[in-house]
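Predicted model only: the values in this text are computed from it and were never measured. Every chain is numbered from 1, with letters handed out A, B, ... down the list of sequences.
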Amino acid sequence: MADAGAGSLHGGDSALSCLPEEQELSQRLRRLYPAVNQEETPLPRSWSPKDKYNYIGLSQGNLRVHYKGHGKNHKDAASVRATHPIPAACGIYYFEVKIVSKGRDGYMGIGLSAQGVNMNRLPGWDKHSYGYHGDDGHSFCSSGTGQPYGPTFTTGDVIGCCVNLINNTCFYTKNGHSLGIAFTDLPLPAMISNQFMELLQEYIQHLFKSNLYPTVGLQTPGEIVDANFGQQPFVFDIEDYMREWRAKIQGTIKRFPIGDRLGEWQAMLQNMVSSYLVHHGYCSTAAAFARITDTTIQEEQTSIKNRQRIQKLVLAGRVGEAIEATQQLYPGLLEHNPNLLFMLKCRQFVEMVNGTDSEVRCFSARSPRSQDSYPGSPNLSPRRGSNNSHVHSTGADSPTCSNGVLSTKIKQSCSKYQALSSSSSSSSSSSPSSVNYSESNSTDSTKSQQHSSTSNQETRHLAFLSFFYLSDSEMEMEAEHYPNGVLENSSTRIMNGTYKHEEILQTDESSMDNCPQRQLCGGNHAATERMIQFGRELQTLSEQLCREYGKNTMHKKMLQDAFSLLAYSDPWNCPVGQQLDPIQREPVCAALNSAILESQNLPKQPPLMLALGQASECLRLMARVGLGSCSFARVDDYLH
Amino acid sequence: MACVLEAPLRMSVLSEVTASSRHYVDRLFDLDPQKVLQGVIDMKNAVIGNNKQKANLIVLGAVPRLLYLLQQETSSTELRTECAVVLGSLAMGTENNVKSLLDCHIIPALLQGLLSPDLKFIEACLRCLRTIFISPVTPEDLLYTDATVISHLMALLSRSRYTQEYICQIFSHCCKGPDHQTILFNHGAVQNIAHLLVSTSYKVRMQALKCFSVLAFENPQVSMTLVNGKHKVLVDGELLPQIFVKMLQRDKPVEMQLTSAKCLTSMCRAGAIRTDDSCIVLKTLPCLVRMCSKERLLEERVEGAETLAYLIETDVELQRIASITDHLIVMLADYFKYPSSVSAITDIKRLDHDLKHAHELRQAAFKLYASLGANDEDIRKKIIETENMMDRIVNGLSESSIKVRLAAVRCLHSLSRSVQQLRTSFQDHAVWKPLMKVLQNAPNEILVVASSTLCNLLLEFSPSKEPILESGAIELLCSLTQSENLALRVNGIWALMNVAFQAEQKIKSDILRGLSTEQLFQLLSDSDVNVLMKTLGLLRNLLSTRPHIDHIMSTHGKQIMQAVTLILEGEHNIEVKEQTLCILANIADGTTAKELIMTNDDILQKIKYYMSHSNAKLQLAAMFCISNLVWNEEEGSQERQDKLRDMGIVDILHKLSQSSDPNLCDKAKTALQQYLA
């Protein structure tokens with residue numbers, strides 16, 4: 001399976017054991033069933049000591065089952081179920097049972113049953129119970145009389161049971177050989193009807209009966225069997241079987257008929273790409289794309305550029321400047337979104353701690369980097385610092401920058417936060433806003449470097465977008481920066497497309513991330529004082545918001561987390577240090593971008609991301625209602 | 001009326017087409033080479049996908065001109081390439097097109113073209129050659145007429161992915177039988193093609209794989225090399241079997257799975273891979289069973305079943321595994337349901353398709369059933385219990401298709417090895433009737449299997465024995481013993497041997513009469529030891545129970561004694577001599593027949609000789625004779641005992657009674673007791 005790593009998205013296993021076997025099991029289960037969210041639906045790992053008849057004895061970590069009853073007749077039959085039912089998101093589920101001893105008569109049954117089925121019976125005899133019996137080789141499908149199915153089995157044999165949750169069938173294996181379909185009508189919702197009522201009905205039925213548990217039953221003394229839920233490699237090549245079904249389902253998706261809507265389809269795809277580029281502010285790429293595909297862009301070029309500039313500021317960790325720019329370009333936006341503003345301010349505080357925000361940066365003896373530091377280290381750039389031409393004095397009023405933002409205007413517009421804006425304006429004007437590379441008239445060599453690297457980057461985007469039209473794998477190429485959908489309130493993160501490219505360009509710098517020179521606010525005393533002052537203002541703002549809009553636990557948490565950074569001598573290596581990670585700028589950046597777009601009556605999310613999010617959510621829903629095919633059509637499979 | 005109106009209209013359209021075709025041909029004769037080139041290019045565009053146009057151009061004589069231009073050294077490479085492309089396009093049409101091209105000696109011209117330095121031209125020639133060679137009307141031998149061709153093709157394999165694809169495809173279609181395999185093998189086919197199995201092009205991988213499947217088929221030399229030749233063939237650090245196993249994975253295209261399973265099957269049957277190797281047991285076999293499933297295309301199911309039949313034919317463990325895998329035995333029953341009643345009504349195209357494959361499906365299923373039931377009694381039972389199985393076999397025996405009849409007989413033969421089935425289902429379904437019918441005027445390959453089956457049906461405990469004899473089997477079997485075909489002679493005499501076992505006087509006489517003494521002698525001097533053994537077995541069965549012995553010896557005594565003498569004097573192996581001595585022992589058991597031995601000093605000396613032979617089996621058999629001769633309850637025993645004592649037999653008996661072999665010792669003592677009484 002190619003996507004062993006992808007499974008880790010769902011991360012946590014319920015069992016927090018550190019035993020190596022346990023780890024191996026977890027690994028194997030993750031590899032076999034990557035689509036299963038084990039926190040929501042744990043996988044069977046052993047037999048349940050609670051869910052068994054008392055003639056059953058368990059040992060060896062609840063994996064070995066032995067019979068301890070009288071075994072006189074069928075009334076002495078006894079079964080045990082696994083700890084958990086089989087989650088539908090498995091798609092295909094498999095376990096094996098080794099017959100350690102056939103005991104007196106070898107009346108052993110291996111199969112499945114729903115919770116609540118009588119345990120004083122062998123699997124297969126009752127409703128919602130299915131089994132394959134060793135003494136006669138018959139299969140029992142919820143009935144006391146069996147059907148001829150396969151060979152008999154006895155001591156030394158390994159019997160496997162495979163549940164296919166895609167077509168709701170079940171087959172067994174003996175010593176690694178598939179014996180063919182045993183049951184075709186497992187009680188899982190076979191098809192979801194379009195009719196809502198039917199869907200609901202089916203769903204309710206599903207809740208009641210579809211959860212099947214691995215089950216074994218024994219009937220005569222001496223019978224002993226061992227289960228393998230993934231602890232050991234399986235005798236049967238189940239992964240090969242899974243490969244076949246993955247190919248089948250992906251083939252179905254690939255061949256999904258578009259029919260007469262072919263033209264429409266292409267227009268839609270073009271629109272998706274275009275809107276995505278626009279959303280993230282790749283304006284020249286978007287323009288080139290529009291030219292090639294002969295489409296139009298809704299948003300104006302300057303508007304895109306403005307957004308791009310603001311985004312770059314946030315991603316560079318220069319949140320103060322971003323706030324100013326936003327207030328200047330989109331007056332009233334932040335006033336109407338106090339939550340957003342608070343989020344930005346919190347981030348700004350964090351960046352101050354980081355030493356990245358321009359308010360603290362201007363105190364630094366070292367020069368602010370003329371280039372966005374994102375996602376590089378907190379502003380420690382000895383290479384640039386040492387040979388940079390414009391060394392800043394430590395004053396708050398040292399505007400050396402070529403095209404600073406007009407501070408007076410901001411003062412007017414932000415009268416409400418007078419104290420804040422005045423200070424931020426002064427600092428902002430001091431910063432070299434090289435982010436506007438295209439307008440920059442800088443002679444600094446590093447600036448032009450930045451310029452060329454950025455345009456390189458756009459060229460690259462263009463390159464892969466032209467590929468888009470040649471290849472089937474468009475989505476994969478396009479969305480590679482979005483490993484995790486875009487559900488707004490989930491913990492997923494949106495990575496900006498620039499991230500990876502810049503990372504490549506700046507490997508020399510990011511390698512310094514780990515160097516121990518990082519200091520609070522860049523190590524500058526004045527900056528630290530400014531930071532503490534800003535913290536107080538932030539506190540005031542929080543209280544003010546609380547009075548106006550009522551308590552907000554989110555705000556409280558944000559503030560708490562941000563302030564907690566100061567409690568540690570090395571904020572970068574503390575329990576809340578994660579906040580300092582440049583990656584954390586991304587959700588803030590996305591939220592700001594969305595708000596701006598929304599204010600312009602443009603979609604706050606690009607349709608491409610919506611489609612991805614919908615696909616992810618659809619799959620999640622499929623898993624919940626028991627449609628196994630979801631496990632072989634994961635969004636991740638298409639995002640390489 | 002409409003028809004009348006329509007006819008001239010169509011005529012005019014046709015003549016129009018012909019006129020335009022003529023124009024294309026005329027342009028090939030233009031003096032300006034540039035115009036010729038444009039003409040060829042236009043012709044190329046005109047013929048693509050247009051069979052009528054292709055036929056027209058051929059009729060109008062375009063082919064010789066194109067070939068001329070193609071071979072002409074003065075033609076530009078571009079023109080020559082375009083000519084090859086057009087010829088390739090013509091070859092894509094009907095079989096008649098290919099025939100016309102062959103008549104114009106296109107193959108030597110194209111092969112000559114392969115010597116050109118221009119890759120594009122070579123590729124065009126190869127593509128055309130490929131199209132011609134994959135046509136059923138092209139004799140494969142045309143590829144092998146010039147020895148340098150193969151080595152040149154091998155060299156071209158490195159040129160491009162297209163040369164690789166076309167050459168592999170040519171090889172896999174032209175490799176028929178061991179001679180071709182050997183030629184290709186000796187030209188380094190294995191080493192040259194192996195690395196193509198990991199080509200980035202699917203088509204190249206697939207054609208290379210097909211090459212291996214035909215190269216290895218029933219060819220131990222190639223198969224062994226694939227696994228572990230003198231110079232290990234490694235591709236990307238892996239042995240070929242590992243590569244084949246990867247190609248078996250279930251998400252690979254079905255065609256690829258099936259073809260690599262065929263490669264591994266050939267290698268296994270050649271002994272290059274053990275039958276208990278996991279790549280056979282856990283990979284190849286399950287893959288082939290899957291190929292038999294309803295989800296596969298009819299062609300794939302046929303090929304899958306045939307390959308599986310071949311894989312498991314001689315290995316009982318594989319037969320057992322296959323028999324439990326995915327309900328194979330039940331799955332095969334579906335092979336008999338074509339054309340289905342549904343397809344007949346709903347879809348003519350489907351009916352046609354089904355009809356075309358119906359025979360193939362049935363024979364494949366019979367073959368696989370035959371392999372499955374070859375050795376294991378439980379599997380045979382399962383097969384026979386499959387719905388209408390015996391009826392299907394009985395029907396199969398009388399089908400018009402020889403392939404189906406042969407496969408049905410093979411299946412029946414396999415099942416006839418079961419004593420229980422002979423007694424039950426074979427009898428219930430009167431299988432012998434159609435079987436006897438098959439035996440009339442059938443081709444030899446069917447006769448061999450059918451007569452072998454008949455052998456089993458004629459076993460003493462078989463209830464079919466009597467009706468078969470009544471329907472004239474003895475005559476038929478006697479005629480088989482005169483066949484040129486060795487297997488038929490063996491089966492004929494074998495069946496007669498079975499018939500004679502504990503048979504009544506009349507049947508024995510019928511056999512002797514039907515066979516004639518002359519033929520009996522012929523068989524006793526047969527060069528094949530199997531025939532000889534079975535003939536002796538027949539004699540032994542004929543000469544059992546005293547009245548029968550005396551009767552037969554009274555009529556054929558002289559000849560039989562002669563034959564016996566001859567064999568005992570001849571150079572034969574122990575088993576033959578033992579069998580012959582046993583015949584003598586039987587004769588010695590007769591009342592009057594005894595005298596034939598007692599009066600024949602030559603024979604008596606021989607018996608004496610074998611009593612002291614180094615082989616205990618022969619000693620024992622000779623002792624049986626003596627024991628029968630000296631048995632004292634019978635008339636004239638005294639004289640016989642005396643005569644034998646005079647010959648020194650008693651001394652030998654004394655010696656043997658001290659033997660360490662308990663059998664010999666016992667027998668000698670019993671014989672000596674006769675003297676005492």
A:Cys90 versus A:Leu43: any side-chain heavy-atom pair under 4.5 Å? yes
Where do B:Phe244 and B:Leu209 land on the side-chain contact (heavy atoms from CB on, under 4.5 Å) test, with the steps shown first? CA-CA 8 Å; B:Phe244 292 141; B:Leu209 185 60; 3.4 Å; yes
Ranked by heavy-atom pairs below 4.5 Å to chain B, first place among A:Thr173, A:Ile181, A:Leu179, A:Asn175 goes to A:Leu179
If one checks every heavy atom of B:Val330 against chain A at 4.5 Å, the contacting part turns out to be neither
Turns out that what part of B:Lys252 lies under 4.5 Å from chain A's heavy atoms comes down to neither
Turns out that what part of B:Ile321 lies under 4.5 Å from chain A's heavy atoms comes down to side chain
*asked:* Between A:Gln250 and A:Lys254, do the side chains contain a donor N or O and an acceptor N or O under 3.5 Å apart?
replied: no
- Message: Could you check whether A:Phe183 and A:Tyr149 have their ring centres less than 6.0 Å apart?
- Response: no
Subject >> Basic-acidic side-chain contact under 4.0 Å: A:Arg243, A:Asp240 >> reply: yes
One option among A:Tyr172, A:Tyr241, A:Phe171 has the most heavy-atom pairs under 4.5 Å with chain B, and it is A:Tyr241
